[in-house]
Each structure stands twice: as structure tokens, then as C-alpha cells.
Amino acid sequence: MKKYLLLIEDEKLWEKFKEFIEKDINTEIMMLIKKKVEKKKDE
């Protein structure tokens with residue numbers, strides 16, 4: 001497993017994102033990445 005560092009520049013946006021997190025942050029980010037990849041794949 002590889003580990004990546006996420007740098008957040010927009011603190012306000014990050015705070016809003018954290019309000020909607022249902023699981024841990026890593027899982028949420030992976031779900032977003034999967035959605036994006038699947039969307040591009042379907043185009």
C-alpha cells in the first residue's frame with residue numbers, strides 16, 4: 001500500500017467537506033476518486 005499526503009489550501013472548503021464525511025477521511029477521498037474515474041470511463 002502506498003501512502004500519499006494531502007495538502008489542503010482552502011481551509012473553509014475543507015471544513016465544509018469534513019461536515020459531510022460519513023466514514024474516515026481516506027475512505028471518503030477514495031470514494032470521490034472512484035466516482036471521478038468511473039465518470040471518465042463512461043464518457
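Hydrogens, waters and symmetry mates are skipped; everything else that's a heavy atom, side chains included, is used.
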Nearest atoms (heavy-atom pairs only) where Glu28 meets Glu22: OE2-N, 2.9 Å

Qualifying residues under side chain to side chain contact (heavy atoms under 4.5 Å, CB included), relative to Asp10, sequence neighbours excluded: Lys12, Leu13

Within residues 16-43 or reaching into it, pairs that qualify as ring-ring contact (aromatic ring centres under 6.0 Å, His included) - sequence neighbours excluded: Trp14-Phe17

Test side chain to side chain donor-acceptor pair (under 3.5 Å) applied to Asp24 - qualifying residues, sequence neighbours left out: Thr27

Which residues share a side chain to side chain donor-acceptor pair (under 3.5 Å) with Glu15, sequence neighbours left out: Lys18

ILVMFWY cluster, Met31 and Ile29 together (side-chain gap under 4.5 Å): no

Cluster companions of Leu7 among Ile, Leu, Val, Met, Phe, Trp, Tyr (side-chain spacing under 4.5 Å): Leu5

Residue pairs fulfilling side chain to side chain donor-acceptor pair (under 3.5 Å) with at least one residue in residues 29-40, sequence neighbours excluded: none

Point-to-point distance, once rounded to the nearest 0.5 Å, from CG of Leu6 to CG of Asn26: 9.0 Å

